[in-house]
Amino acid sequence: MKKLLVVTMLLTIVLTLASCSKKEETGFPEGMTYSENDAVDFMFFYPEDWTLDRNDGMVSARVSDKDHSNVSVTVFTSPEGVVDIEGYLKDTYLGYVKENFPDLEMLSENEKTTLGGVDARQNVFSATVAGEKYQFLQVITYRYGYIYILTYTSTAEGFDSHTEEVQKIIKEFKFN
């Protein structure tokens, strides 16, 4: 009986350490988890108490069922002729955003930042969607022929309530 108890305890310890090792190997930030997805070339960390919404090439996590504030990452092939972030912003981005949000109000435009260690630009704007005012923060980068857009979306009144969490998501974003 003692042998069985010792073996069970050792097995429990080994399994506990093995489950922790993945978090240590991937460098999990405290209080965060990430979306595992072989279809993307990045690690998207989000707060443990958020809900993973989508994980199929586009990755998205939302705050809760009651608060639909969310962060998503979309990736697409760079438009023809675009070979850097500046080219995308100048030739494509602003026209697309203005076309889709007629009452667009840019709150900050093309602030230099990084995403996963890659040169990026951050834009914050507000617009009306389905009769409600929303605010959007987008961090946009160009990498190896692809455009990556990390977007935080919230109602205008709730936008500031998740700033700290969103900044941590941006900071912890990693390319594989």
Side-chain angles (χ1 to χ4, degrees), residues 15-78 85 88-89 93 96-97 100-101 107-127 129-130 132-176:
L15 290 174
T16 301
L17 291 174
S19 68
C20 293
S21 68
K22 185 168 186 178
K23 282 191 171 188
E24 290 169 9
E25 288 172 19
T26 56
F28 269 58
E30 190 169 325
M32 298 184 92
T33 189
Y34 82 106
S35 63
E36 291 188 71
N37 186 329
D38 291 336
V40 299
D41 65 343
F42 57 84
M43 292 182 76
F44 174 72
F45 292 96
Y46 60 94
E48 288 177 333
D49 59 344
W50 285 32
T51 302
L52 186 63
D53 248 354
R54 189 170 172 177
N55 192 19
D56 59 2
M58 177 184 172
V59 180
S60 175
R62 72 177 187 283
V63 173
S64 69
D65 288 335
K66 291 182 180 184
D67 181 349
H68 292 274
S69 300
N70 68 81
V71 175
S72 63
V73 180
T74 55
V75 181
F76 52 91
T77 305
S78 178
I85 189 62
Y88 175 71
L89 292 170
Y93 173 76
Y96 175 81
V97 173
N100 285 284
F101 301 103
L107 304 174
S108 70
E109 192 171 347
N110 296 336
E111 292 179 7
K112 289 186 177 190
T113 189
T114 61
L115 184 64
V118 177
D119 184 38
R121 299 296 177 271
Q122 179 175 297
N123 293 300
V124 179
F125 61 92
S126 66
V129 177
E132 186 162 4
K133 194 74 158 180
Y134 285 87
Q135 271 188 240
F136 305 86
L137 176 147
Q138 293 191 312
V139 179
I140 306 160
T141 194
Y142 171 93
R143 182 173 180 262
Y144 301 134
Y146 292 92
I147 301 295
Y148 296 78
I149 303 179
L150 182 148
T151 304
Y152 165 51
T153 305
S154 182
T155 59
E157 67 184 32
F159 188 80
D160 292 334
S161 63
H162 302 292
T163 303
E164 192 173 310
E165 293 161 307
V166 171
Q167 290 306 316
K168 189 170 182 181
I169 290 169
I170 293 167
K171 177 183 174 237
E172 299 299 340
F173 183 93
K174 292 178 179 34
F175 287 106
N176 296 331

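Values below: every heavy atom of this structure, side chains too, minus hydrogens, waters and symmetry copies. Throughout, residue positions are numbered sequentially from 1 according to the sequence presented.
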Quick one: pull up [atom1] in [X] and [atom2] in [Y] and give me the separation to the nearest 0.5 Å.
X      : Y      : atom1 : atom2 : result
Ile149 : Phe76  : CD1   : CZ    : 4.0 Å
Trp50  : Ile169 : CH2   : CD1   : 4.0 Å
Leu52  : Ser35  : CG    : OG    : 6.0 Å
Asn110 : Leu89  : CG    : CG    : 4.5 Å
Gln122 : Thr114 : CD    : OG1   : 10.5 Å

Do [X] and [Y] meet the criterion of a side-chain donor-acceptor pair at a distance under 3.5 Å?
X      : Y      : value
Ser154 : Ser69  : yes
Thr33  : Glu48  : no
Asp41  : Tyr148 : yes

Which word best sums up how the rings of [X] and [Y] line up, parallel for under 30°, tilted for 30 to 60°, or perpendicular for over 60°?
X      : Y      : answer
Tyr34  : Phe45  : tilted
Phe136 : Phe101 : tilted
Phe173 : Phe175 : perpendicular

CA sep, side-chain torsions, deciding dist, call: Gln135, Ser126, side-chain hydrogen bond (donor to acceptor under 3.5 Å, both in side chains): CA-CA 4 Å; Gln135 271 188 240; Ser126 66; over 6 Å; no
Any non-hydrogen side-chain atom of [X] less than 4.5 Å from a side-chain atom of [Y]?
X      : Y      : answer
Arg54  : Ser72  : no
Val129 : Thr153 : no
Tyr93  : Ile140 : yes
Ser78  : Tyr88  : no
Thr155 : Asp67  : no
Phe42  : Val75  : yes
Glu111 : Arg121 : no
Val124 : Phe159 : yes

More than 12 heavy atoms of other groups within 6.0 Å of Glu109 CD: yes
Worked verdict on Val73 versus Val40 for side-chain contact (heavy atoms from CB on, under 4.5 Å): CA-CA 10 Å; Val73 180; Val40 299; over 6 Å; no
CA sep, side-chain torsions, deciding dist, call: Thr151, Thr74, side-chain contact (heavy atoms from CB on, under 4.5 Å): CA-CA 8 Å; Thr151 304; Thr74 55; 5.5 Å; no
Backbone N/O of Asn55 and side chain of Asn37: donor-acceptor pair under 3.5 Å: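 Judged by distance alone, yes, a pair lies under 3.5 Å.
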